[in-house]
Amino acid sequence: MEEDLKQLSVQSLETLLRSLGFEGAVSVELQDNVLCLQISSSDAKFLIGEDGDRLDDLQYLVNRMVQNKIPEAPRVKVDCDHYRQRREKKLIDKALSMAEKVKATGKPLKLYPLNAYLRRLVHNALKDVDGVTTESEEGNARYKKITIRPE
């Protein structure tokens with residue numbers, strides 16, 4: 001099953017890239033027990049898009065294609081030139097820095113609006129930081145701000 005998932009995922013992404021007129025090599029990595037398809041391409045800026053929006057679209061399409069053939073397949077992640085990895089590290093570093101400011105000033109701070117996946121990363125990164133708590137805004141919006149508060 002795992003080999004089938006890898007092969008089908010890579011094949012699906014390569015088909016999408018060719019259909020869209022992009023050149024690129026796709027490799028498979030395992031990141032935190034998640035299958036990640038890593039694209040290396042001279043067209044990286046076009047594949048990534050603004051704030052990774054095109055990567056999100058490619059990832060959505062690849063997952064739909066894979067789950068069409070293997071309904072119980074776990075979701076796969078699509079990245080290009082390690083963009084997502086760099087962005088996630090930068091976000092976590094920013095959140096940790098903001099947590100230190102909150103502890104120093106005693107005043108809450110808000111992060112910019114994030115999708116559910118990125119909010120989960122921030123909550124997990126700050127859950128073991130003494131002296132602060134985190135909470136997401138209420139509501140049904142797709143992108144929400146996280147408030148970092150003193151405990």
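What's counted below: heavy atoms across the whole structure, side chains too, no hydrogens, waters or symmetry copies.
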### Qualifying side-chain hydrogen bond (donor to acceptor under 3.5 Å, both in side chains) pairs with a residue from residues 137-151, counting only residues at least two apart or across chains
E135-R149
### Task
Dump the intermediate steps for salt bridge (Lys or Arg N to Asp or Glu O under 4.0 Å) on R84 and D56, then the final yes or no.
CA-CA 10 Å; R84 287 189 196 273; D56 290 342; 2.9 Å; yes
### Task
Report the distance from atom NE2 of H123 to atom OG of S136, rounding to the nearest 0.5 Å.
3.0 Å
### Task
Decide side chain to side chain contact (heavy atoms under 4.5 Å, CB included) for Y117 and K77; before the verdict, give the C-alpha distance in whole Å, the side-chain angles of both, and the deciding distance to 0.1 Å.
CA-CA 12 Å; Y117 174 75; K77 190 172 172 180; 3.4 Å; yes
### Message
Tell me whether L55 shares a hydrophobic cluster with V34, the cluster being built from Ile, Leu, Val, Met, Phe, Trp, Tyr side chains joined at under 4.5 Å.
### Response
no
### Query
For the residue pair A95 and L111, what are the closest heavy atoms and their distance?
CB-CD1, 4.4 Å
### Any donor-acceptor N/O pair, N68 side chain to R64 backbone, under 3.5 Å
no
## Note on the structure
Closest non-hydrogen contact found for L35 with S9 is CD2-OG, 4.0 Å
### Task
Check whether any side-chain N or O of N115 sits under 3.5 Å from a backbone N or O of L118 as a donor-acceptor pair, and report yes or no.
yes
#### Entry: Side-chain heavy-atom pair I92, V122 within 4.5 angstrom cut-off
no
Could you give the side-chain donor-acceptor pairs of residues 97-106 under 3.5 Å, partners two or more places apart or in another chain?
residue	atom	partner	partner atom	Å
E100	OE2	K103	NZ	3.4
K103	NZ	D130	O	3.3
T105	OG1	K101	O	2.9
T105	OG1	K107	N	3.2

### Task
Could you give me the CA-CA distance, side-chain angles and deciding distance for C36 and L30, then say whether side chain to side chain contact (heavy atoms under 4.5 Å, CB included) is met?
CA-CA 6 Å; C36 182; L30 197 61; over 6 Å; no
### salt bridge (Lys or Arg N to Asp or Glu O under 4.0 Å) contacts in which one or both residues fall within residues 18-30, not counting sequence neighbours
none
### Task
For the pair N63 (side chain) and Y60 (backbone), establish whether a donor and an acceptor sit closer than 3.5 Å, ignoring hydrogens and angles.
no
### Query
In Å, rounded to the nearest 0.5 Å, how long is the span from CD1 of I39 to CG of D79?
8.0 Å
